[in-house]
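A note on names: the letters A, B, ... follow the listed sequences, proteins ahead of strands, and every chain is numbered from 1.
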There are 2 protein chains.
Amino acid sequence: MDHKDGRSARTKTPGNGEGAARGGYAVGDERRLRILDAAVEHFAQWGFHASSLARIAKDVGITQGGLLHHFRSKEDLLVSVLERSEEHDIERFFSTEFDSAADCFLRLLELVEYNSRRPGRTRMFNVLVGESSDPGHPAHAFFTRRYRKVLRDLSDTLRRGVDSGELKPDTDYLAEAQELIAVMDGFQLQWALEPEWLDMTERLRRYLDRVYRSISTTGAALPPGPAGDADESGR
Amino acid sequence: MDHKDGRSARTKTPGNGEGAARGGYAVGDERRLRILDAAVEHFAQWGFHASSLARIAKDVGITQGGLLHHFRSKEDLLVSVLERSEEHDIERFFSTEFDSAADCFLRLLELVEYNSRRPGRTRMFNVLVGESSDPGHPAHAFFTRRYRKVLRDLSDTLRRGVDSGELKPDTDYLAEAQELIAVMDGFQLQWALEPEWLDMTERLRRYLDRVYRSISTTGAALPPGPAGDADESGR
DNA sequence: GTCTATAGTTCGATAGAC
DNA sequence: GTCTATCGAACTATAGAC
């Protein structure tokens, strides 16, 4: 109990030069990171309530008591997992503002492509988003906050697209953003159930293309993104 | 153990005239139905693994032992809940084939409108769909079967729309159907998290309208459905 | 058909040795 | 930093009285 400072603030090392391999974590946190990685898989398979600290600890190679030295409670572990994932997303995809709606759309394609290579992480979000609609769920606050932020960022981007003349003046920012979020979440649900039946990236591109043709001033197609579009579709 | 026949086949009463109030259940099954209704709420809030038979039984006003007289196991209870829901959906919305793609779309609007008035049921599906992407989950088979069926029905309907001249010949049945399912599921996730932020029916109508304009031969809007469209939107 | 009782696990969290 | 030991609680399922 005396080892831990504020509620599970990651023990960063502010004085160590900042530029360590990736992200600025202290080297002594490796064990902590291994726990977080294992926890993702368990939360993905069992959800929060039915996951067990002992089983997670076993995956890491320690006991339940050892695990609770790093995270003061199960709930703390969940929140830490979510915050780390979100932080990672932000610095990987949303560290800079979007130049345009088209740029935003292409960035979302990259995100989905990334998610399709992280099945554990993606399934975890599917399970927890569903579970956390209950206000008493420990991740409820996290997901409501997250949805509001994503929705605001997305609709702001669309509004700027209208202001710049990229998008038609009568574009319904909010509705468009909510629909886009729905499509992404829905594809992830289907994909998690039977991954081989659905190429999320290709399907999202198809969706975004139609939307962009519909709301862009020129009616032009979405430009091909940097993400591998050269070989696979040929459409 | 001797009271139950095959694995929880609902104890219908084939000899009682078939036309009883609704569905042909025996009157002695009221208790059973109350258990199923209570279970929906629990599976919605806790998922499968973390739901407890004792708590469900308490809601019904009996003990855990009493509950297990009606369902031989927790898993049996889950499957019974899902099958009953599906059966109900089918007889309420899909008892007859679709006349056209437009008819199908309007019927889906009714379904979503219905779902928005059954929050417990809808949340349960959100939670269980996420959980059941794990192949070991007791509802995994149910949801994969369900998705395949819905996908087939939907894409078949679109194909018939093409054949009849209602839809453009180059319509991609499968992609269109997968996207539509994604949109519906995604809206339900958002709605469950913060119901007041999203009118699912209105948003789905907006989506279907754009799709229909895009794939219908005439490029016409989706005709207004029988579902209350007269007063609320004015668009 | 519902109850009580209970077997047999497993859980989260704490305390303390090393 | 990790382990062992342990507490109190909750869980599913079964057995048997009524």
Worked verdict on B:S80 versus B:F71 for side chain to side chain contact (heavy atoms under 4.5 Å, CB included): CA-CA 9 Å; B:S80 299; B:F71 302 90; 3.7 Å; yes

For [X] and [N], what is the distance between atoms [atom1] and [atom2] respectively, to the nearest whole Å?
X     : N      : atom1 : atom2 : answer
B:H42 : D:dT12 : NE2   : P     : 11 Å
A:E30 : D:dG1  : CD    : P     : 12 Å
A:K74 : C:dG12 : NZ    : P     : 5 Å
B:F71 : D:dT12 : CZ    : C1'   : 16 Å
B:I56 : D:dA10 : CD1   : P     : 16 Å
A:L68 : C:dG12 : CG    : P     : 9 Å
A:L77 : C:dA13 : CG    : C1'   : 14 Å
A:L53 : C:dG12 : CG    : P     : 4 Å

Which residue, B:L67 or A:E75, contacts DNA chain C at a nucleotide closer to its 5' end, judged by nearest heavy atom?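 The residue closer to the strand's 5' end, by nearest nucleotide, is B:L67.
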
What are the atom names and distances for every N/O pair under 3.5 Å that joins the protein to nucleotides 4-10 of chain C?
none

Would you list the pairs meeting side chain to side chain donor-acceptor pair (under 3.5 Å) in which at least one residue belongs to residues 121-131 of chain A, sequence neighbours left out?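 Qualifying pairs, neighbours excluded: A:D89-A:R121, A:N115-A:R121, A:E131-A:H137.
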
Would you find a donor on one side and an acceptor on the other, under 3.5 Å apart, between the side chain of B:R32 and the backbone of B:H70?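 Confirmed, B:R32 side chain pairs with B:H70 backbone.
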
Does D:dC11 have OP1 or OP2 under 4.0 Å away from a side-chain N or O of B:H49?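 No, no such contact exists.
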
Show every salt bridge (Lys or Arg N to Asp or Glu O under 4.0 Å) that has at least one partner inside residues 46-57 of chain A, sequence neighbours left out.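 Found none.
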
Scan for salt bridge (Lys or Arg N to Asp or Glu O under 4.0 Å) pairs involving residues 177-196 of chain B, sequence neighbours excluded, and state none if there are none.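 Checked against salt bridge (Lys or Arg N to Asp or Glu O under 4.0 Å) - neighbours excluded - the pairs reaching residues 177-196 of chain B are A:R148-B:E194, A:R206-B:E179, A:R210-B:E179.
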
Yes or no on side chain to side chain contact (heavy atoms under 4.5 Å, CB included) for A:H49 and B:H49, after CA distance, side-chain angles and deciding distance? CA-CA 8 Å; A:H49 298 296; B:H49 298 296; over 6 Å; no

Of all residues at least two apart in sequence or in a different chain, which pass the side-chain contact (heavy atoms from CB on, under 4.5 Å) check with B:V81?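 Partners of B:V81 under the side-chain contact (heavy atoms from CB on, under 4.5 Å) test: B:L36, B:A39, B:V40, B:F43, B:L77, B:M124.
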
When you check the side-chain N and O atoms of B:D59 and B:H42, is any donor under 3.5 Å from an acceptor?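 A pair is found: one side chain offers a donor N or O, the other an acceptor, under 3.5 Å apart.
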
Nucleic acid contacts - residues 126-137 of chain A versus DNA chain D, non-hydrogen atoms under 4.0 Å: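 Nucleic-acid contacts, sorted: none.
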
Worked check of side chain to side chain contact (heavy atoms under 4.5 Å, CB included) between A:W197 and B:L151: CA-CA 11 Å; A:W197 280 41; B:L151 184 61; 4.2 Å; yes

For the side chain of A:H69, counting heavy atoms from C-beta on, which of C:dT2, D:dC3, D:dG1 is nearest?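 Given the options C:dT2, D:dC3, D:dG1, the side chain of A:H69 is closest to D:dG1.
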
